[in-house]
Participant: 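Structure in C-alpha cells, see below.
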Amino acid sequence: MPELAEVEFFRKRWSAGHGAKVLAVRLHEGKKVFRDCDTGELRRRLAGAKLLGSASAAKQMLFRFSGENWLGIHLGMSGETRVEPPDYVATKHDHFILVQKERQLVFNDPRMFGGVRFHHGKAAPAWWTKIAPAILSPAFTMEAVADFLRRRARAPIKAVLLMQERFPGIGNWMADEILWRAALHPKRLAGSLTTAEVRTLHRECRFVCRGALKYNAGVGGPLPARLNELMPASWLFNHRWEDGGRCPRTNQLLVREEVGGRTTCWSPARQRLR
DNA sequence: CCAATTGTTATTTA
DNA sequence: ATAAATAACAATTG
C-alpha cells in the first residue's frame, strides 16, 4: 500500500507512543521482515527504552529511542502500523509489537515485503541518512531531474519515476498521478522529453507530493481517520482502479496496462505517445 | 486454478 | 561494462 504520504500517516499513528517507555518487545522470530535485523540486540536494547520521537522520509520510517537506539520500519507492499489497547492479543501477521503501559504499537505485514531494522549508535544509521533528498526539498531541482532523465534515456518515463534514488517516496499510483497531470504518456522514453516537458514533470512531482501529504498525512490540516478518505475526486487516484473509470479532466475512458513492469493507468485522451 | 496487489532486489538479457 | 527487462519474494482475495 504505502507510498510517501501513507508512510507518514502510519508514522503518525505510532506518535501516540512518544515519551513512553517500552515494557516489552514481541516479535515473530525468523520471519522475513527481520532479514536485515539482529532481533536479539533489538529485544535487548529496546526493552526499557523510551520512544523519544520519529520521522519519515521516502518510504522509510525512523523511530528514535533513549540509549542511542534507532528503529527503522519499511512497510513494503502490505505493511501497516496500528495502535492497540494494552490487552490486545497479536494476530497472525502482527510480526512486531512494542508494548507500552497504555498501548501496544503494532507492525503488521501479511506479504512481508516490508522490514524492520535496528541500529545502536550516537548518530542515525546510513540506511536513513543515505535516502535521496526529498522531492519537496530545495535539492530536488529541475536540472537534477533533467540530468537523471538523460542517464535513463532508454527507459519509459513511468519506470524512471519509480526509481527511489531520484524520486524518493514515489510509488505506482503517485507516478501515474504525476504523468496524468503532466499530460505525459507513461511509455514515453525518458530521453525524449522536451525541456518544457521536464519542467512540467518537475512541477507536478512537487504538486502530487504536497497534495498527497496534505490529504493523506494531514500536513497543514486534519489527519484523516482512514487512509485516502480525503483524496479529492479531481485526482486520478479515485478513478484509476475502477473498471470503466473515466478521466476526471476529459471524461474519457481510462486505460490500464503494464508499463515498466507495473500496472499503469492513464488517460489516452490526455496523454499521447506522439 | 488463474490473475491481481500503492515494493524492492537479484538475475538475466540486450 | 552499463542499463533495461524480468523473475522472485509471500499472502491473500476475487
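Per chain, numbering begins at 1; letters A, B, ... match sequence-line order.
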Participant: Round to a whole Å and report the spacing from CH2 of A:W241 to C1' of C:dG14.
Facilitator: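 So the CH2-C1' distance, A:W241 to C:dG14, works out to 15 Å.
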
Participant: May I ask you to decide whether A:K158 forms a salt bridge with A:E257, counting only side-chain N to carboxylate O separations under 4.0 Å?
Facilitator: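 Salt bridge absent between A:K158 and A:E257.
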
Participant: What is the distance, to the nearest angstrom, from the CD atom on A:Q60 to the P atom on B:dG7?
Facilitator: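 In whole Å, B:dG7 P and A:Q60 CD are 14 Å from each other.
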
Participant: Which nucleotide sits closest to the side chain of A:K32: C:dC9, C:dA4, B:dG7?
Facilitator: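 Minimum distance to the A:K32 side chain belongs to C:dC9.
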
Participant: With no hydrogens and no angle check, is any side-chain donor or acceptor of A:D109 less than 3.5 Å from a backbone partner on A:G114?
Facilitator: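 Yes: the side chain of A:D109 pairs with the backbone of A:G114.
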
Participant: Could you state the CZ-P distance from A:R111 to B:dT5, rounded to the nearest angstrom?
Facilitator: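 Spelled out: CZ on A:R111 to P on B:dT5 is 10 Å.
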
Participant: Listed by chain and number, what are the side chain to side chain contact (heavy atoms under 4.5 Å, CB included) partners of A:A126, not counting sequence neighbours?
Facilitator: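 Once residues adjacent in sequence are excluded, the partners of A:A126 under the side chain to side chain contact (heavy atoms under 4.5 Å, CB included) criterion are A:T129, A:K130.
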
Participant: Rounded to the nearest Å, what distance is computed from the CG atom of residue A:L161 to the P atom of nucleotide B:dT8?
Facilitator: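 About 14 Å, once rounded to whole Å.
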
Participant: Distance check: side-chain N/O of A:H74 vs OP1/OP2 of B:dG7, anything under 4.0 Å?
Facilitator: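 It does not, given that no N or O in the side chain of A:H74 lies less than 4.0 Å from OP1 or OP2 of B:dG7.
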
Participant: When rounded to the nearest Å, what value does the distance between C1' atoms of B:dT8 and C:dT13 take?
Facilitator: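 Here B:dT8 and C:dT13 have their C1' atoms 23 Å from each other.
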
Participant: Considering every strand and a 4.0 Å limit on heavy-atom distances, what is the contact class for A:P110: base, sugar-phosphate, or nothing?
Facilitator: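 The answer is sugar-phosphate, as A:P110 gets under 4.0 Å only of primed atoms, P, OP1 or OP2.
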
Participant: Does A:F113 lie flat on the base of B:dT8, that is, centres under 5.5 Å apart and planes under 30° off?
Facilitator: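 A stacking contact does not exist, since A:F113 is not both close and nearly parallel to the base ring of B:dT8.
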
Participant: Please measure how far the P atom in C:dA1 lies from the corresponding atom in B:dT9, and state the result in whole Å.
Facilitator: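 My reading of the P atoms in C:dA1 and B:dT9 gives 23 Å.
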
Participant: If you apply the rule side chain to side chain contact (heavy atoms under 4.5 Å, CB included), what do you find for A:R256 with A:W241, and how did you get there?
Facilitator: CA-CA 8 Å; A:R256 272 200 308 271; A:W241 297 118; 4.1 Å; yes

Participant: Is any side-chain nitrogen or oxygen of A:H93 closer than 4.0 Å to OP1 or OP2 of C:dA10?
Facilitator: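 No, no such contact exists.
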
Participant: Can you tell me if A:K92 touches the phosphate of C:dT12, counting only side-chain N or O atoms and a distance under 4.0 Å to OP1 or OP2?
Facilitator: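 Yes.
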
Participant: Just to be sure I follow the notation: if a pair is Watson-Crick (purine N1 to pyrimidine N3 plus N6-O4 or O6-N4) or a G-U wobble (N1-O2 and O6-N3), each under 3.5 Å, what dot-bracket string does DNA chain C give, with | for pairs to another strand?
Facilitator: .||||||||.||||

Participant: Between A:Q164 and B:dG7, does any side-chain N or O lie under 4.0 Å from OP1 or OP2?
Facilitator: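 No, outside the criterion.
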
Participant: Rounded to the nearest angstrom, tell me the gap between atom CZ in A:R262 and atom P in C:dA5.
Facilitator: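 That distance rounds to 15 Å.
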
Participant: Can you check the A:M163 CE to C:dT2 P distance for me, whole Å?
Facilitator: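 Going from CE in A:M163 over to P in C:dT2 covers 16 Å.
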
Participant: Please give, in whole Å, the distance from B:dT5 P to A:D176 CG?
Facilitator: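 So the CG-P distance, A:D176 to B:dT5, works out to 11 Å.
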
Participant: If the cut-off is 4.0 Å, is A:K59 near the phosphate of B:dT8, judged by side-chain N/O to OP1 or OP2?
Facilitator: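 So the side-chain polar atoms of A:K59 do come within 4.0 Å of the phosphate oxygens OP1 or OP2 of B:dT8, strictly under.
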
Participant: Both conditions, 6.0 Å and 45 degrees, for the charged tip of A:R117 above the ring of A:W128: are they met here?
Facilitator: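 Cation-pi check for A:R117 and A:W128: fails.
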
Participant: Main chain of A:R181, side chain of A:R270: is a donor-acceptor contact present, judged purely on distance under 3.5 Å?
Facilitator: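 Flag set: sc A:R270 to bb A:R181 pair under 3.5 Å.
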
Participant: Looking only at side-chain N and O atoms, does A:S54 offer a donor or acceptor that is under 3.5 Å from a partner on A:R11?
Facilitator: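 A:R11 vs A:S54: donor-acceptor pair found between side chains.
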
Participant: OP1 or OP2 of B:dA4 sitting under 4.0 Å from any side-chain N/O of A:T263?
Facilitator: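 A:T263 to B:dA4 OP1/OP2: no side-chain N or O under 4.0 Å.
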
Participant: Under 4.0 Å between any heavy atoms, over every strand shown, what does A:A153 touch: base, sugar-phosphate, or nothing? Just pick one.
Facilitator: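 A:A153: backbone/sugar contact only, no base atoms under 4.0 Å.
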
Participant: Using the rule that two of Ile, Leu, Val, Met, Phe, Trp, Tyr join whenever any of their side-chain heavy atoms come within less than 4.5 Å, decide whether A:L179 and A:L253 are in one cluster.
Facilitator: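 No: no chain of side-chain contacts under 4.5 Å links A:L179 to A:L253.
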
Participant: Would you mind reading off the distance between A:R151 atom CZ and C:dA3 atom C1', rounded to a whole angstrom?
Facilitator: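 Computing the A:R151:CZ to C:dA3:C1' distance gives 12 Å.
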
Participant: What contact category does A:G76 fall into here, base, sugar-phosphate, or nothing, at under 4.0 angstrom with non-hydrogen atoms?
Facilitator: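 Sugar-phosphate, no base atom in range.
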
